[in-house]
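Working notes, structure below.
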Amino acid sequence: MSHYQVVKGARDIFPDEMVQWKHVEDVMHWLARIYGFSEIRTPVFEYTELFQRSIGSATDIVGKEMFTFFPDGSGRSITLRPEMTAGVMRAALQKNLLASAPVQKLYYISELFRKERPQAGRQRQFSQFGAELLGASSPAAVAEVIMFMMHVFDELGLSGLRLRINSLGSIDDRRRYREALRAYLAPHYDRLDDASRERFEKNPLRILDSKNPDMQEIVAGAPRLHEHLGDEARRDFDLVLGYLSGRGIDYRIDHLLVRGLDYYSYTAFEVTSTALGAQDALGGGGRYDSLALELGSPKEVPAAGFAVGMERLLIAMQKQGLLPEAVPAGPEVCIIVPQQEFFDQAFALAARLRDEGISTAIDLAGRSMKAQLREAGRMRAASALFVGGDELSSGMFPLKDLDASFQETLPLEGAIARMRERSITKQDQP
RNA sequence: GUGAUUGUAGCUCAGUUGGUUAGAGCGCCAGGUUGUGGCCCUGGAGGUCGGGGGUUCGAGUCCCCUCAUUCACCCCA
């Protein structure tokens with residue numbers, strides 16, 4: 001064993017587990033196409049100010065969870081991205097994407113970094129699957145984003161999900177409510193915990209979703225956010241909910257749902273899974289019309305998006321037995337070399353088969369024939385082709401079906417044809 | 001950042017009140033079968049007992065420190 005270990009909060013994904021990741025990712029790519037979202041990749045780091053401006057400097061993410069560094073003597077601070085939305089919006093604005101087409105539908109599967117204490121379902125490096133719909137934030141646009149996300153869960157077979165949704169109202173609605181909330185909380189100030197006291201000034205709405213029972217008790221009597229919504233926000237929210245109901249999507253309105261990022265307004269939502277532990281949020285998102293302005297855009301860019309935690313998704317699926325068997329696909333054929341003196345000719349034959357488009361394995365460690373066969377079985381090769389002195393001189397090769405344990409001796413062309421048949425019938429199976 | 005938890009072979013774990021060369025199952029390798037995998041049998045390799053210090057004639061076992069893990073708080077995906 002090496003002295004070196006993975007960095008705290010990071011982890012390796014080995015080939016067996018990659019099979020399961022690929023399965024999940026395939027569904028995402030496929031449904032993205034169905035919903036008309038195009039894939040985007042942005043750099044893992046951005047200038048630090050981008051996140052401070054977008055996520056909000058009072059949030060926990062910016063306050064204590066970012067990996068920030070100075071790459072050279074320039075003094076320009078850089079941060080490993082703790083979320084995707086800011087980077088995607090930055091990229092879209094920089095390229096002026098909306099000028100070429102007024103609505104952009106983008107999605108990604110990317111790695112993020114947050115300096116937290118790791119626990120079940122929480123890592124320092126993690127991945128999110130997410131989508132950002134830029135240029136529209138109508139009720140239908142918001143509903144489409146939610147439908148896309150829920151469709152992925154549905155397609156993957158997940159159960160035990162709860163979609164919670166709320167409207168934070170317009171910027172003005174929020175400002176009015178913030179004052180009403182402060183007025184309510186002020187007499188209780190000495191009962192607030194430290195975190196809530198800090199939020200009292202900067203962002204009192206965040207006190208609403210505190211999990212501290214004492215805070216919840218105080219909050220229970222607070223004025224309700226939805227009572228402060230303007231007519232426009234109410235109408236907007238009702239339309240979003242109508243679309244969801246029409247699609248048969250179950251949701252629960254949660255007036256305390258606020259979410260931790262500053263840029264959300266109007267609809268915000270979150271999905272939790274009963275298959276998860278304490279970190280049970282599988283995904284979340286909302287509408288963020290004001291983000292572009294924060295980032296210096298001359299005009300507002302209506303937008304909505306969601307993000308889903310890949311690791312949590314995999315955990316939930318694992319718990320519910322929804323993951324495929326963790327076995328990488330084996331080759332179509334293993335070349336068995338009984339006598340090492342013929343290795344070079346067998347090796348050349350392997351190359352020939354690969355040129356034919358047949359996935360071919362051959363032992364590179366000079367092991368015994370028994371070991372080669374054992375290896376072929378272990379990696380679930382479909383066939384074994386014996387290549388020794390007799391075969392090379394006669395041009396007739398024993399080809400063994402490793403599942404059926406059936407063997408026939410064929411000229412090379414015949415063996416190739418048989419292997420092709422075999423891989424076709426295999427693919428036809430579910 | 002706070003609080004607990006657990007560190008013995010690649011994996012899952014045993015290891016008596018401190019007592020010789022630290023074990024098992026699985027996995028891996030080889031042989032049984034001199035050109036045929038899986039099952040079976042036999043054998044083998046593989047361990048700084050997380051690390052450092054201390055107590056003791058003697059420490060995997062006791063004490064201290066440290067590192068790492070896991071879970072929870074906080075917060076979020």
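Everything numeric in this text was worked out from a predicted model, so none of it was measured. The analysis underlying the following values was restricted to heavy atoms, covering all of them including side chains, and did not include hydrogens, waters or symmetry mates. A, B, ... follow the sequence lines: proteins, then strands. Residue 1 opens every chain.
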Open item on the list: Taking any heavy-atom pair under 4.0 Å as a contact, classify A:Phe129: base, sugar-phosphate, or nothing.
Closed with: nothing

Open item on the list: Using the C1' atom as the point on both nucleotides, what is the distance between B:U2 and B:G7, in whole Å?
Closed with: 22 Å

Task: Span that lies between the P atom of B:C49 and that of B:G23, in whole angstrom - done: 14 Å

TODO: Provide, to the nearest angstrom, the distance between the CG atom belonging to A:Leu373 and the P atom belonging to B:C39.
DONE: 13 Å

Task: Nucleotide B:C76, atom P - distance to CD1 of A:Ile315 in whole Å - done: 19 Å

TODO: Record whether the side chain of A:Ser405 comes under 3.5 Å of the base of B:G38 through a donor-acceptor pair of N or O atoms.
DONE: yes

Open item on the list: Under 4.0 Å, counting only non-hydrogen atoms across every strand here, what does A:Ala384 touch: a base, just sugar-phosphate, or nothing?
Closed with: nothing

Open item on the list: Does A:Arg122 contact B:C75 through a side-chain donor or acceptor facing the base, at a distance under 3.5 Å?
Closed with: yes

Task: d(CG, A:Asp16; C1', B:C11) in whole Å - done: 12 Å

TODO: Report the nucleotide, chosen from B:G37, B:A77, B:C28, that has the shortest atom-to-atom distance to any side-chain atom of A:Leu402.
DONE: B:G37

- [ ] Using modelled atom types only, decide if a donor and an acceptor are shared between the side chain of A:Arg81 and the backbone of A:Pro43 within a distance under 3.5 Å.
- [x] yes

Task: Donor-acceptor pair, side chain of A:Asp173 and main chain of A:Ser170, under 3.5 angstrom - done: yes

Open item on the list: On the nucleotide B:G31, are OP1 or OP2 found under 4.0 Å from the side-chain N or O atoms that A:Lys370 carries?
Closed with: no

Task: A:Arg114 side-chain proximity, nearest of B:G35, B:C76, B:G31 - done: B:C76

Open item on the list: For the base of B:A77 and the side-chain ring of A:Phe126, does the geometry meet a stacking cutoff of under 5.5 Å between centres and under 30° between planes?
Closed with: yes

- [ ] Would you state whether a donor and an acceptor, one from the side chain of A:Lys400 and one from the base of B:G37, lie under 3.5 Å apart?
- [x] yes

Open item on the list: Taking only the C1' atom of each, what is the distance from B:U70 to B:G25 in whole angstrom?
Closed with: 24 Å

Task: Inter-nucleotide P distance (B:U34, B:A30), Å rounded - done: 15 Å

Open item on the list: Let's test your reading of the model: under 3.5 Å, does the base of B:G37 pair with the side chain of A:Gln372 as donor and acceptor?
Closed with: no

Task: Check: A:Glu325 side chain, A:Val327 main-chain N or O, donor-acceptor pair, under 3.5 Å - done: no

Open item on the list: Just the rounded figure in Å: distance from P of B:C29 to CG of A:Asp363.
Closed with: 11 Å

Task: Comparing A:Asp280 and A:Lys8 on RNA chain B - which has the more 5′ nearest nucleotide - done: A:Lys8

Open item on the list: Determine whether a donor-acceptor pair (N or O, by modelled atom type, separation under 3.5 Å) exists between the side chain of A:Lys8 and the backbone of A:Arg117.
Closed with: no

Task: Nearest listed nucleotide, side chain of A:Ala120, among B:C75, B:G37, B:C71 - done: B:C71

- [ ] Starting from P on B:U2, measure out to CG on A:Asp60 and report it in whole angstrom.
- [x] 16 Å

- [ ] For the side chain of A:Gln128, starting at C-beta, report the closest nucleotide among B:U36, B:A77, B:C74.
- [x] B:A77

Task: Side-chain donor/acceptor of A:Glu116 to base of B:C73, under 3.5 Å - done: no

TODO: Under 4.0 Å between any heavy atoms, over every strand shown, what does A:Gln339 touch: base, sugar-phosphate, or nothing? Just pick one.
DONE: base

Task: Any A:Arg199 side-chain nitrogen or oxygen under 4.0 Å from OP1 or OP2 of B:C75 - done: yes

Open item on the list: Do A:Thr68 and A:Thr79 pair up side chain to side chain, a donor and an acceptor below 3.5 Å, judged on atom types alone?
Closed with: yes

Open item on the list: On RNA chain B, compare the nucleotides closest to A:Gln407 and A:Arg378; which residue's is nearer the 5' end?
Closed with: A:Arg378

Open item on the list: Say we look at B:G58 and B:C71: how far apart would their P atoms be, to the nearest angstrom?
Closed with: 40 Å

Open item on the list: For a quick check, tell me whether the side chain of A:Glu391 and the base of B:G35 share a donor-acceptor pair closer than 3.5 Å.
Closed with: yes

Task: Separation between the C1' atoms of B:G15 and B:A22, rounded to whole Å - done: 8 Å

- [ ] Take the protein atom CE of A:Met310 and the nucleotide atom P of B:A77, then report the distance between them rounded to whole Å.
- [x] 16 Å

Task: Atom pair distance, as rounded to whole Å: CG in A:Leu399 and C1' in B:G35 - done: 16 Å

Open item on the list: Does either side chain, that of A:Arg287 or that of A:Thr267, offer a donor lying less than 3.5 Å from an acceptor on the other one?
Closed with: no

Open item on the list: Strictly by Watson-Crick or wobble contacts shorter than 3.5 Å, is anything paired with B:G25, and which nucleotide is it?
Closed with: B:C11

- [ ] Ignoring backbone atoms, test whether A:Gln5 places a side-chain nitrogen or oxygen under 4.0 Å from the OP1 or OP2 oxygen of B:A68.
- [x] no

TODO: With C1' as the reference atom in both, quote the distance from B:G38 to B:A24 in angstrom, rounded to an integer.
DONE: 24 Å

Open item on the list: If the cut-off is 4.0 Å, is A:Arg117 near the phosphate of B:C74, judged by side-chain N/O to OP1 or OP2?
Closed with: no

TODO: Taking atom C1' in both B:A9 and B:C13, compute the distance separating them and give it to the nearest angstrom.
DONE: 11 Å

- [ ] Report yes if a side-chain nitrogen or oxygen of A:Arg367 is closer than 4.0 Å to either non-bridging phosphate oxygen (OP1 or OP2) of B:G37; otherwise report no.
- [x] no

TODO: Indicate whether OP1 or OP2 belonging to B:C29 is found under 4.0 Å from a side-chain N or O atom of A:Arg374.
DONE: yes

TODO: Keeping the roles fixed (side chain from A:Arg312, backbone from A:Asp280), state whether a donor-acceptor pair exists under 3.5 Å.
DONE: no

- [ ] Using a 4.0 Å heavy-atom cut-off across all strands, classify A:Gly121 as base, sugar-phosphate, or nothing.
- [x] base

- [ ] For the pair A:Arg206 (side chain) and A:Val258 (backbone), establish whether a donor and an acceptor sit closer than 3.5 Å, ignoring hydrogens and angles.
- [x] no

Task: Distance test, side-chain N/O of A:Arg124 to OP1/OP2 of B:A77, below 4.0 Å - done: no

Task: Pairing partner of B:A45 (Watson-Crick or G-U wobble, both distances under 3.5 Å) - done: none

Task: A:Ser77 backbone acceptor or donor facing A:Thr48 side chain under 3.5 Å - done: yes

